[in-house]
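These numbers come from a predicted model, not from an experiment. All residue numbers refer to positions in the sequence shown, counting from 1. Start at 1 and go down the list; that is how both ligands and their atoms are numbered.
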Amino acid sequence: MSAADLHSADLHTVALNPAVDLTVGLSQLVPGEVARARSARHDPGGKGVNVASCLADWGARVAIHGLLGAENAARFEKLFASKGIADRMVRLAEPTRTNIKLLEEGGRTTDVNLPGFSASARDLAAVADSLADVGAGALVAISGSQPPGLEDDASARLAGGLARRGARVMLDVSGAPLRAALALPADAAPFAIKPNRHELEECLGRPLAVRADLVAAARGLLDRGIALVVVSLGTEGAIFVGRDAAVHAAPVALSHGSTVGAGDAMVAGIVSALAEGLTLDRLAQRATAFSVGKLRNAGPHLPERTELRSLASAVPVRPLSAWLAEG
Ligand SMILES: O=P(O)(O)OC[C@H]1O[C@](O)(CO)[C@@H](O)[C@@H]1O
C-alpha cells in the first residue's frame, strides 16, 4: 500500500484533549471493594490520537494537531515517530491527563476519563493557526472531549473554519460541543458526524427507542448541511445515512479485547474510505472492519491491511429500508 491509494488526500486529525490510557486488567470489578489488578499498561490515547494512529496503520499520510502536555509528551512523540505521523500539536505546560480503563475478564470495560489540562482561548487560537494551511481537498477528523477552559463551541469553531475553506470535516464529539456543531450554518457544517445512540439522544434531547426514530433523527441532521451521519449501535452494528444512499452494517464476530478505541478506529475507517472515494456500502464495510480489527489489538493499533480487507469483505451491509422493515 502506498499513500497514493488514498488519492493523495491531505489527512489531519485534531485532539484537543488527548490522554494516556492506563488499562488495568482485573478478574472482576466490584464497586466499593478493593480490586487486585492482574496487569497494567499505558498507551498514548485520546480520540484524535487513536484516529491518527489507525490511519497511519492503514498506510495513510496523516498530520495530528491539537494540544499536548509537554511534561509527558514522550509516549506520544514515540508513537508519532514510529508511525510517521506529522506532529503539529501545540505543547502546554501541564501534563496530558491519564484516563483509567478497568478491563474485566470477558472484555467489559469501565472508563474513568479525567477532565484534562486547562486550556485557554489562546491555546485554541494556536491550534487554529496550525490548521491555517489546511483547506480544500483536505479531510480532517476532530474528535473527543474538550479540556476545561475552552468554550463549548471550540471544536465547532475549528470545524466551521475548516469547512468554509473547503475541507471535509469528520466530527466525533458529544454533549455541548456536538450541540454547538449542529447549530452551525449549512456552509460551515461538518461533512460527517458519528454519534452513538446515546450521544444522539442526549444531543437531541429525546429518546430514540426504535429504529424508525433513529433513522428519522439521522435524516433530520442531513437537513443541517451534514453529508453523512453514522450512528454506531454497539453490538447492533451501525447505520450510515447519506443524502443519496443509506445502509446498515452488521458487526462481524467480536473478540474479547477492550472496546476502548473501537469507535475511533471506525472514524479512521470512514475517513480513509472518504479519501479513497469508496461507495457508501464499501465505506460501511471498511468502518466496521477497522472497528472490529481494533478489538483484536491492545493500544491504538490496527491489524495488517490484508486482515482488515478480509474482515471488511465479511461485513454484511444492506439497505437501511431492509433493516427498518425488520425492526
Ligand atoms: O475525549 P474523551 O471523550 O474524554 O475520551 C477519551 C478516551 O476515549 C478514547 O479515545 C477511546 O475512544 C480513549 O483513548 C480516551 O481515554
Side-chain angles (χ1 to χ4, degrees), residues 13-24 40-57 64-69 72 75-76 79-80 83 85 89 92 94-103 107-119 124 127 141-150 152 154-156 158-159 170-181 193-200 202-203 230 232 234 238 257-271 287 290-295 297-302:
T13 75
V14 179
L16 290 178
N17 204 8
V20 175
D21 286 342
L22 167 57
T23 305
V24 179
R41 57 174 287 151
H42 292 84
D43 290 289
K47 295 188 164 56
V49 171
N50 296 341
V51 176
S53 183
C54 290
L55 282 169
D57 284 345
I64 186 162
H65 306 250
L67 301 170
L68 190 63
N72 56 349
R75 207 181 288 278
F76 294 86
L79 176 83
F80 301 153
K83 298 201 180 191
I85 298 167
M89 298 186 88
L92 299 185
E94 274 184 72
T96 296
R97 64 186 168 154
T98 294
N99 285 345
I100 301 157
K101 315 286 158 182
L102 301 170
L103 173 62
R108 187 171 75 157
T109 311
T110 303
D111 292 33
V112 184
N113 291 348
L114 276 70
F117 38 50
S118 37
L124 184 67
V127 175
I142 302 179
S143 312
S145 60
Q146 300 178 177
L150 296 186
D152 286 347
S155 300
L158 290 179
M170 160 85 237
L171 191 70
D172 184 20
V173 299
S174 56
L178 179 57
R179 277 193 293 279
I193 59 170
K194 189 213 68 68
N196 60 33
R197 183 200 294 262
H198 170 70
E199 288 165 350
L200 192 54
E202 186 195 32
C203 176
V230 179
S232 50
S258 160
T259 50
V260 172
D264 305 333
M266 177 173 268
V267 169
I270 295 168
V271 169
F290 272 37
S291 158
V292 172
K294 167 64 201 80
L295 296 178
N297 284 334
H301 313 293
L302 288 182

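Residue contacts with ligand 1 include Gly261, since one or more of its heavy atoms lies under 4.0 Å from the ligand.
Remark: ligand 1 and Asn17 share no N or O pair separated by less than 3.5 Å (distance only, no angle test).
The minimum heavy-atom distance between Val173 and Gly144, with the atom names listed, is CG1-O, 3.5 Å.
Residue Lys101 has at least one heavy-atom neighbour below 4.0 Å for each of these atoms of ligand 1: 7 (C), 13 (C), 15 (C), 16 (O). Short contacts between ligand 1 and Asn99, defined as distances under 4.0 Å to a heavy atom of the residue, involve ligand atoms 6 (C), 7 (C), 15 (C), 16 (O). Ligand-side atoms of ligand 1 in range of Ser145: 1 (O), 2 (P), 3 (O), 4 (O), range being under 4.0 angstrom from any heavy atom. Here is the list of ligand 1 atoms found below 4.0 Å of a heavy atom in Asp264: 9 (C), 10 (O), 11 (C), 12 (O). The Asp21 neighbourhood of ligand 1 comprises atoms 13 (C), 14 (O), 15 (C), 16 (O), with distances under 4.0 Å to a heavy atom of that residue. Near Gly144, with a cut-off below 4.0 Å to any heavy atom, the atoms of ligand 1 are 1 (O). Of all the atoms in ligand 1, the ones that sit under 4.0 Å from a non-hydrogen atom of Gly46 are 10 (O), 13 (C), 14 (O), 15 (C).
Between the side chain of Asn196 and the main chain of His198, a donor-acceptor pair closer than 3.5 Å is present. Side-chain N or O atoms of Lys294 include one that pairs as donor or acceptor with a backbone N or O of Gly299 at under 3.5 Å.
Distance CG/Leu55 to CD1/Ile85: 8.5 Å, rounded to 0.5 Å.
Residue Val49 does not touch ligand 1, judged by heavy-atom distances below 4.0 Å.
Counting heavy atoms from C-beta outward, Arg97 and Pro115 have side chains that stay 4.5 Å or more apart.
Residues meeting the side chain to side chain donor-acceptor pair (under 3.5 Å) test with Arg75, sequence neighbours left out: none.
Within the set Arg97, Gln146, Lys47, the minimum heavy-atom distance to atom 8 (O) of ligand 1 is found for Lys47.
Evaluated for a side chain to side chain contact (heavy atoms under 4.5 Å, CB included) with Asn99, the options Asp21, Asp111, Thr23, Val260 yield exactly one hit, Asp21. When each of Leu79, Val14, Val51, Thr13 is paired with Ile64, the side chain to side chain contact (heavy atoms under 4.5 Å, CB included) condition holds for Thr13 and for no other.
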